[in-house]
Amino acid sequence: MARLLLRDFDIRKAYLDGHAQAQLVDMLRPILKSAPLFRPTTASGKEMSVRMTSAGSLGWVSDKAGYRYQDLHPKGMSWPAIPDPILDIWRDLASSERDPDCCLINYYGEGTRMGLHQDKDEADFSWPVLSVSLGDDALFRIGNTTRGGKTESIWLNSGDVVIMGGPARLAYHGIDRIRFSSSRLLPKGGRINLTLRVAR
DNA sequence: TAGTAGCT
DNA sequence: GAGC
């Protein structure tokens, strides 16, 4: 496992081996079944290209009312629990003091992008944000803590983990594009990103 | 003013 | 990739 720092983003290349990746995908199947992926919109009503759901006591949602964490899926069901193997990654790399209360599950299909944004809907920014890449390669772009200025990009591969803490916690970041079908982890192709956060 | 987790 |  290689570790690299890019603008204070702590990137663990190949943190998860193939077996661990496949195990996580297996654990996500029942979660996606009981809390189906949905396509959120921004506050201005524009659809995001990513599809998402969550696990944990809270889920991140967005619609015309804006970005927020809530305790129910938009269709009314509770969010499933975060599987232990996912919590283990957090405990190893982010914090052994407190578990995350949200695991956002983002699915990137062909053509999905995620514009530059900050993760700032949480109550306490002293907790890091941890992100796990599964499936297709993704071009990750890192900016600054305010909009504008130079950015840097890096390809994330299946099994990579990114930790955004300290100066990186409120940095703008996004996904410019994925290389659809570059990985065989997901039978239908695409990329799953797990984002672990302490929301409250 | 938000807008900007999108679109040009 | 910049700018809105």
Side-chain angles (χ1 to χ4, degrees), chain A residues 6-9 11 28 31-32 35-56 58-75 79 82 86 94 100-125 127-156 160-165 167-180 186 190-200:
Chain A
L6 185 60
R7 298 230 181 153
D8 301 309
F9 283 61
I11 302 173
L28 291 173
I31 291 175
L32 296 171
L37 293 169
F38 59 94
R39 189 184 301 279
T41 65
T42 63
S44 58
K46 293 171 183 168
E47 283 201 325
M48 298 183 190
S49 55
V50 70
R51 293 198 296 146
M52 65 177 56
T53 189
S54 291
L58 291 167
W60 189 88
V61 301
S62 176
D63 56 27
K64 286 181 178 176
Y67 307 150
R68 64 196 180 277
Y69 287 94
Q70 60 177 44
D71 53 14
L72 297 177
H73 185 283
K75 293 199 166 174
W79 307 105
I82 304 174
I86 295 176
D101 45 26
C102 177
C103 173
L104 178 64
I105 301 164
N106 281 150
Y107 175 73
Y108 292 73
E110 193 163 15
T112 298
R113 302 177 299 161
M114 175 80 74
L116 283 176
H117 66 278
Q118 292 174 299
D119 288 20
K120 59 175 183 182
D121 304 313
E122 301 73 33
D124 182 353
F125 301 137
W127 294 103
V129 170
L130 184 150
S131 137
V132 180
S133 293
L134 295 168
D136 290 343
D137 303 338
L139 186 58
F140 184 59
R141 186 140 62 106
I142 295 172
N144 306 290
T145 52
T146 55
R147 286 199 181 274
K150 290 185 178 175
T151 62
E152 289 182 68
S153 296
I154 183 173
W155 281 97
L156 296 179
D160 293 353
V161 176
V162 179
I163 303 107
M164 292 167 267
R169 177 63 181 77
L170 288 170
Y172 278 85
H173 58 280
I175 296 291
D176 284 343
R177 61 182 184 272
I178 69 165
R179 275 184 193 129
F180 189 73
L186 306 177
R191 170 178 188 257
I192 289 175
N193 183 72
L194 306 176
T195 309
L196 302 174
R197 306 185 184 110
V198 173
R200 290 182 190 152

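Quick note on labels: first sequence line is chain A, next is B, and so on, each numbered from 1. Only this structure's heavy atoms are used, side chains among them; waters, hydrogens and symmetry mates stay out.
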* Asked: Dot-bracket for DNA chain C: what is it, with Watson-Crick or G-U pairs under 3.5 Å, [ ] where a pair crosses earlier ones, and | for a pair to another strand?
  -> .|||

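Remark: A:Asp119 engages A:Arg197 in a salt bridge, criterion side-chain N to carboxylate O under 4.0 Å.
In plain terms, the two heavy atoms of A:Ser54 and A:Leu104 that are nearest each other are OG-CD1, 3.6 Å. The two residues A:Leu170 and A:Lys120 make their nearest non-hydrogen contact at CD2-CB, 4.0 Å. Taking both residues in full, the closest heavy atoms of A:Ile31 and A:Ala55 are given as CD1-CB, 4.4 Å, listed atom of the first, atom of the second, then distance. Across all their heavy atoms, A:Ile82 and A:Pro100 have their closest contact at CD1-O, 3.9 Å. The two residues A:Phe9 and A:Val162 come nearest to each other via the heavy atoms CD2-CG1, 3.9 Å.
One C1' atom belongs to B:dA2, the other to B:dC7, and the distance between them is 16 Å to the nearest Å. Between C:dG1 and B:dT4, the two C1' atoms lie 14 Å apart (nearest whole Å). The P atoms of B:dG6 and B:dT1 are separated by 23 Å, rounded to the nearest whole Å.
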Pairs under 3.5 Å (N/O, protein and nucleotides 2-4 of chain C):
none

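Atom CG of A:Leu194 is separated from atom CG of A:Leu134 by 5.5 Å, given to the nearest 0.5 angstrom.
Residue contacts shown for A:Ile175 are absent, as no nucleic acid heavy atom lies under 4.0 Å away. Residue contacts for A:Asp121: at a heavy-atom cut-off of 4.0 Å it reaches a base atom on one of the strands shown. Among the atoms of the strands shown, only primed sugar atoms or phosphate atoms (P, OP1, OP2) are found under 4.0 Å from some heavy atom of A:Thr42.
Not one N or O on the side chain of A:Thr112 forms a donor-acceptor pair closer than 3.5 Å with the backbone of A:Val50. Using a distance-only test at 3.5 Å, with no hydrogens or angles considered, no donor-acceptor pair links the side chain of A:Arg200 to the main chain of A:Val198.
The partner of B:dT1 is absent, by the rule that a Watson-Crick or G-U pair needs both atom distances under 3.5 Å.
In 5' to 3' order, the nucleotides of DNA chain B bounding all contacts with chain A (an atom under 4.0 Å from a heavy atom) are B:dG3 to B:dG6.
Ring-plane geometry between A:Phe38 and A:His73 is classed as perpendicular, the angle between the planes exceeding 60 degrees on a 0 to 90 degree scale with a lower cut at 30.
A centroid separation of less than 6.0 Å is found between the aromatic rings of A:Trp60 and A:Tyr67.
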